[in-house]
Number of protein chains: 2
Amino acid sequence: MEQVYIDTAKMLKAMSDPKRLRIVDMLSCGELCACEILEEFHITQPTLSHDMRVLVEAGIVTDRREGKNIYYKLDKESLNQMHKTLGRVFKDKPDCICHSRKNG
Amino acid sequence: MEQVYIDTAKMLKAMSDPKRLRIVDMLSCGELCACEILEEFHITQPTLSHDMRVLVEAGIVTDRREGKNIYYKLDKESLNQMHKTLGRVFKDKPDCICHSRKNG
DNA sequence: CAGACATATAGAAAAATGTCAATATGTTCT
DNA sequence: AGAACATATTGACATTTTTCTATATGTCTG
């Protein structure tokens with residue numbers, strides 16, 4: 001399996017939960033700390049911590065500590081690249097398997 | 001949780017498996033029947049059948065029968081809309097929570 | 001340094017997912 | 001109708017994911 005499918009699928013999986021997708025949306029205009037995000041959901045603090053780790057490990061979000069707080073923000077470059085990749089996946093391509101099938 | 005997060009997350013989840021993402025890629029330039037897709041993977045026929053159902057139920061793929069075969073193709077309209085939605089999720093927005101936070 | 005606060009980790013239980021073998025269904029051809 | 005073929009469904013099992021409680025770690029303040 002080509003690496004691009006694996007990498008892209010990992011990012012999609014991280015966002016394939018409504019709650020985490022909403023977190024990405026919340027972060028779209030800037031940084032938020034964990035406690036600010038937590039306020040918006042009916043989940044416990046460890047659950048959020050786990051969700052944020054999933055987003056960080058997928059390369060969707062970066063984190064930094066400032067005092068007692070951890071601030072999260074989107075890795076926009078990574079997200080934009082994934083978005084482009086996804087667009088290419090949908091689009092017709094000259095090297096698609098269905099062409100080779102017609103030729104073969 | 002807003003419906004748009006639920007619907008989008010469902011589509012992302014369906015594509016959050018490298019194999020299914022590759023199937024979407026394979027379908028990007030046209031229809032393929034189940035047996036043609038199956039040839040490309042080391043999985044059993046019931047496994048593929050299950051994967052295709054996931055894609056159909058997420059609204060990513062449509063299916064039609066032609067004789068003994070089931071042909072699958074992408075629901076491009078649905079995919080394009082999801083792609084746009086995803087783009088909006090990433091982008092800064094005036095109604096983002098972080099703005100209301102600054103005001104409040 | 002002790003207490004308060006923010007976040008992370010560990011461990012456990014429930015739910016969802018991925019995959020298979022076996023079998024059923026639907027279709028075509030003879 | 002019966003055989004052959006393509007796909008779907010069922011039932012089972014292993015793995016992964018989700019979420020919690022309890023506890024640990026890191027940071028600031030007095």
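Whole-Å rounding puts the E57(A) CD to dA8(C) P distance at 12 Å. For the pair Q45(A) CD and dA10(C) C1', the interatomic distance rounds to 13 Å; values are reported in whole Å. Regarding I70(B), its CD1 atom lies at a distance of 14 Å from the C1' atom of dT28(C), rounded to whole Å. Taking atom CZ of R65(B) as the reference point, atom C1' of dT28(C) lies 11 Å away to the nearest angstrom. The nearest whole Å value for the distance from the NZ atom in K13(A) to the P atom in dT17(C) is 10 Å. The CG-C1' distance, from L48(B) to dC20(C), rounds to 14 Å in whole Å. Between the CD atom of E39(A) and the P atom of dA6(C) there is a distance of 10 Å, rounded to whole Å. Separating the CG atom of N69(B) from the P atom of dT28(C) is a distance of 10 Å, rounded to the nearest angstrom.
Of the residues L48(A), I43(A), T44(A), the one that meets the side-chain contact (heavy atoms from CB on, under 4.5 Å) test with P46(A) is T44(A).
Looking at S16(B), its side chain never comes within 3.5 Å of a backbone N or O of L12(A) through a donor-acceptor pair. The backbone N or O of A14(A) sits less than 3.5 Å from a side-chain atom of R20(A), completing a donor-acceptor pair.
The aromatic rings of H83(A) and H83(B) sit parallel, their planes meeting at an angle under 30°, below the 60° perpendicular limit.
Along DNA chain D, the nucleotide closest to R20(A) and the one closest to P46(A) are compared, and the more 5′ of them pairs with R20(A). Between K68(A) and H50(A), the residue anchored closer to the 5' end of DNA chain D is H50(A), taking for each the nucleotide with the nearest heavy atom.
Applying the 4.0 Å criterion to OP1 and OP2 of dC20(C), one finds that T44(B) has a side-chain N or O inside that range. In this model, the phosphate group of dT19(C) is approached by a side-chain N or O of K19(B) to a distance below 4.0 Å at OP1 or OP2.
Read 5' to 3', the first and last nucleotides of DNA chain D with an atom closer than 4.0 Å to a heavy atom of chain B are dC5(D) to dT9(D).
For Y72(A), taking side-chain heavy atoms from C-beta onward, the closest of the listed nucleotides dC20(C), dA16(C), dT7(C) is dT7(C).
Relative to the six-membered ring of F41(A), R22(A) meets both conditions, a distance below 6.0 Å and an angle of at most 45° to the axis.
Counting heavy atoms of neighbouring residues, nucleotides and ligands inside a 6.0 Å radius, atom NZ of K91(B) does not exceed 12 of them.
Between K10(B) and E57(B) there is no salt bridge, since no side-chain nitrogen of the basic residue lies less than 4.0 Å from a carboxylate oxygen of the acidic one.
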